[in-house]
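Comments concern the structure below.
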Amino acid sequence: MKMTPAMRITLGVVSLTISVILVADFIGLIPRGDREATRQRQQFVEMLAVQLSVAVARPQQEGINSLLLTAVSRNDGVLSAAMRRSDGQLLAIAGDHQRLWQEGRNSSTVEQMLLPVVLDQRRYGQVEVVFKPLPGFSVLGVKIHGLLLLVVFVGFTGGLFYWLLIRRSLRYLDPNAVIPDRVRNALDVLTNGVLILDKSEQVVLFNQAFSDKACIGGLDFYGHKPSVLHWRKPNSGERIVAEQLPWCRLLQQRHGVQHEVVELVTGAGKVLVLTVNCSLINDDRNRVSGVMVSFDDITEIEHKNKVLSEMLEELGLSKQQVESQNRELQYLASHDALTACLNRGAFNQCSTDLFTESVNAGEPLSCIMVDIDNFKQVNDNYGHAMGDSIIKAVVAVLQKTVRQTDTVGRYGGEEFSILLPNTTLEDAVRLAERCREAVEAAHCEGLAITCSFGVAAAEAIMTSPEPMINRADEALYQSKHNGRNCVTQAKAASGQQASRRLMSVDG
Ligand SMILES: Nc1nc2c(ncn2[C@@H]2O[C@H](COP(=O)(O)OP(=O)(O)OP(=O)(O)O)[C@@H](O)[C@H]2O)c(=O)[nH]1
């Protein structure tokens with residue numbers, strides 16, 4: 001069961017009251033009937049003992065009997081009385097003493113008292129008196145002590161009355177009760193949470209929306225500081241210390257707080273993302289008397305934003321993957337798998353582009369066609385795998401020898417083309433010669449491999465690169481015809497074909 005404030009206060013007041021009663025009793029301020037009755041009984045027995053001492057001295061048996069009978073008959077509270085000698089023998093009895101007196105008792109209680117009877121300053125015997133039980137409250141035959149009865153009574157009845165009184169009083173003291181209903185209703189219809197704090201940051205009012213969202217429930221939040229709730233910095237999970245909460249900063253620094261984002265872990269354990277707006281409340285004399293805080297719940301929007309940005313990130317990633325796969329496909333489609341230089345299709349496209357650029361720039365463009373000499377023999381003698389290795393090695397030598405701006409392509413099986421932008425026919429012939437020497441000197445795969453070369457240049461009458469390539473191919477054919485391992489310059493439209501043989505395949 002949840003303790004309400006009224007119950008807690010009642011418990012405190014009842015405990016305090018009982019403590020006061022116990023202290024008062026301890027120092028004897030509470031008059032008690034049983035104490036008084038005990039004192040009177042003691043006096044009575046003392047008087048009887050004195051009278052019996054006189055009677056014993058005479059000695060008068062009848063006097064003793066008469067004293068005891070008088071004591072029993074004239075006192076309503078006395079049930080029996082007896083005079084017992086020191087040797088334990090009863091001298092006189094009044095009433096049903098033998099049944100009522102508990103043998104062996106040698107000290108007095110409030111119901112059975114004994115006192116010595118003295119003769120010649122020596123103990124002669126004792127007078128024994130049995131009294132009626134004192135009136136009192138008993139439960140199941142067990143007598144309850146008066147003080148305990150008082151404490152239980154105060155505990156129950158006092159507790160009930162205190163609780164009723166305090167509950168009623170709290171209704172008047174409740175700060176919430178001083179807010180007019182129309183103000184409260186107006187705040188309760190708002191969908192955003194509203195808190196009104198006094199200048200010591202204690203909650204004076206909160207509306208229904210705040211109570212529902214924060215799951216604070218009940219009136220317990222009044223008079224507390226909102227920092228008792230679990231506020232966190234957004235996206236970090238770090239708890240915000242009380243002084244750093246927006247409304248505290250506003251009260252301390254007087255700087256307005258607008259659209260600040262915080263997280264609230266609710267009573268139900270849910271995390272809300274809230275935007276906070278705070279503004280000061282001033283009294284008639286323009287002094288700060290509190291602060292009004294409003295909360296907008298943007299948890300759903302934040303969640304959707306997060307999902308959206310995750311989706312965008314995923315889309316970005318897959319776009320990158322598609323682009324990279326496209327690049328890969330483009331590369332595979334345009335490059336030769338064995339040598340990694342441009343394949344025939346890509347080379348043709350490249351030659352068209354370079355031709356157009358050269359024409360536009362008014363720059364020369366040349367082309368070298370290369371073919372490995374007697375390659376069939378290599379395949380036949382050393383196998384196809386060795387043939388592949390030699391093709392790769394020759395391309396590597398060509399790429400190493402030409403300039404970076406030149407483009408090497410695989411034109412056919414063991415035939416290659418090199419496009420040389422901004423290069424005259426003479427320079428192209430010189431470069432072809434260098435390539436021929438380089439291939440010969442390379443001893444690809446340990447074999448004496450040579451290549452034949454045909455060189456041509458673009459001419460003004462040409463409208464596409466094909467004639468230039470064809471002429472270079474024709475020049476290459478001529479090199480083969482001339483004995484291989486040589487460079488042949490294609491015939492210009494007006495000039496003669498020139499072939500230079502440096503070294504034959506046979507040496
Ligand atoms: N290993 C290998 N051989 C190839 C490849 N492409 C073409 N060839 C072979 O290269 C050889 C070319 O032979 P031919 O066209 O007769 O010319 P050649 O033997 O080089 O003689 P010349 O060109 O006249 O010096 C053929 O046997 C083709 O099978 C390739 O990618 N790998």
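All values below were derived from every heavy atom in this structure, side-chain atoms included, with hydrogens, water molecules and symmetry-related copies excluded.
Of all non-hydrogen atoms in His335 and Ala340, the two that sit nearest each other are CD2-O, 3.2 Å. Residues Thr488 and Ala475 share a closest heavy-atom pair of CB-O, 3.1 Å. Smallest separation of non-hydrogen atoms from Ser334 and Ala346: O-CB, 3.2 Å. Considering all non-hydrogen atoms of both residues, Val455 and Ala428 come closest at CG1-CB, 3.5 Å. Heavy atoms only, all atoms of each residue included: Asp297 and Val273 are closest at OD1-O, 3.4 Å. A pairwise comparison of heavy atoms in Ile21 and Val154 identifies CD1-CG2, 3.6 Å as the closest pair.
Taking the side chain as every heavy atom from C-beta outward, Leu251 and Leu280 approach each other to under 4.5 Å. Side-chain contact between Phe156 and Val152 is present, with heavy atoms from C-beta onward closer than 4.5 Å. Side chains of Glu426 and Arg430 form a contact here, defined as non-hydrogen atoms less than 4.5 Å apart. Under the 4.5 Å side-chain criterion, counting only non-hydrogen atoms from C-beta, Leu420 is not in contact with Asp427. Within the 4.5 Å cutoff, no side-chain heavy atoms of Asn422 are placed close to those of Thr405. At least one side-chain heavy atom of Val288 sits less than 4.5 Å from a side-chain heavy atom of Arg254.
For Glu445, the CD atom counts as densely surrounded, since its 6.0 Å shell holds more than 12 non-hydrogen atoms of other residues, nucleotides or ligands. Other residues, nucleotides and ligands contribute at most 12 non-hydrogen atoms within 6.0 Å of the OH atom of Tyr382. Annotation: Glu313, atom CD; neighbour count of heavy atoms from other residues, nucleotides and ligands within 6.0 Å does not exceed 12. Remark: Lys392 NZ is loosely packed, at most 12 non-hydrogen atoms of other residues, nucleotides or ligands lying under 6.0 Å away.
Taken to the nearest 0.5 Å, the CD1 atom of Ile418 stands 8.5 Å off from the CZ atom of Phe347. Here the CD1 atom belonging to Ile469 is positioned 13.0 Å from the CG atom belonging to Leu476, to the nearest 0.5 angstrom. For the atom pair CZ of Phe355 and SG of Cys350, the computed distance is 13.5 Å after rounding to the nearest 0.5 Å. Residue Ser227 holds its OG atom at 10.0 Å from CD of Gln202, rounded to the nearest 0.5 Å. If you take OG on Ser358 and CE on Met462, they are separated by 12.5 Å, rounding to the nearest 0.5 Å. Taken from CG in Leu317 to CD in Gln320, the straight-line distance is 5.5 Å, to the nearest 0.5 Å.
For His443, the ring pair (Phe, Tyr, Trp, His ring centres under 6.0 Å) test picks out no residue, with sequence neighbours left out. Contacts of Ser289 classified as side-chain contact (heavy atoms from CB on, under 4.5 Å), with partners at least two apart in sequence or in another chain: Ile281, Asp283.
At least one donor-acceptor pair closer than 3.5 Å links the side chain of Ser366 to the backbone N or O of Thr423. Checking side-chain atoms of Asn343 against main-chain N and O of Ala333 turns up a donor-acceptor pair under 3.5 Å. Judged by distance alone, the side chain of Asn192 and the main-chain N or O of Ser294 form no donor-acceptor pair under 3.5 Å. Between the side chain of Arg471 and the backbone N or O of Lys491, at least one donor-acceptor pair lies under 3.5 Å. Asn207 contributes a side-chain N or O that, together with a main-chain N or O of Val194, makes up a donor-acceptor pair within less than 3.5 Å. Looking at Arg484, its side chain never comes within 3.5 Å of a backbone N or O of His481 through a donor-acceptor pair. Not a single donor-acceptor pair under 3.5 Å links the side chain of Asn374 to the backbone N or O of Gln377. In this structure, Asn277 contributes its side chain and Gln258 its backbone to no donor-acceptor pair below 3.5 Å. A distance-only check finds no donor-acceptor pair linking the side chain of Arg410 to the backbone of Ala337 [under 3.5 Å].
Each of Glu260, Glu243, Glu201 was evaluated against Arg249; a single residue qualifies, Glu260, per the salt bridge (charged side-chain N to carboxylate O under 4.0 Å, His left out) test. Only one option out of Thr10, Leu16, Leu11 pairs with Val14 in a side-chain contact (heavy atoms from CB on, under 4.5 Å); it is Thr10.
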Can you give each donor-acceptor pair under 3.5 Å made by side-chain atoms of residues 230-239, sequence neighbours left out, with the distance rounded to 0.1 Å?
from	atom 1	to	atom 2	distance (Å)
Trp231	NE1	Pro226	O	2.8
Arg232	NE	Glu263	OE1	3.2
Arg232	NH2	Glu263	OE1	2.9
Lys233	NZ	Glu238	OE2	3.3
Ser236	OG	Lys233	O	3.4
Ser236	OG	Glu238	N	3.1
Arg239	NH2	Leu229	O	3.4

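Salt bridge absent: Arg344 and Asp336 never bring a charged side-chain N and a carboxylate O closer than 4.0 Å.
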Handout entry: Arg436 and Glu440: CA distance, side-chain angles, deciding distance, salt bridge (charged side-chain N to carboxylate O under 4.0 Å, His left out) verdict
Key = CA-CA 6 Å; Arg436 190 195 66 75; Glu440 190 175 29; 3.4 Å; yes
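With hydrogens and angles left out, the side-chain atoms of Gln349 and Asp353 include a donor and acceptor closer than 3.5 Å. Looking only at atom types and distance, the side chain of Ser452 has no donor-acceptor partner in the side chain of Asp371 under 3.5 Å away.
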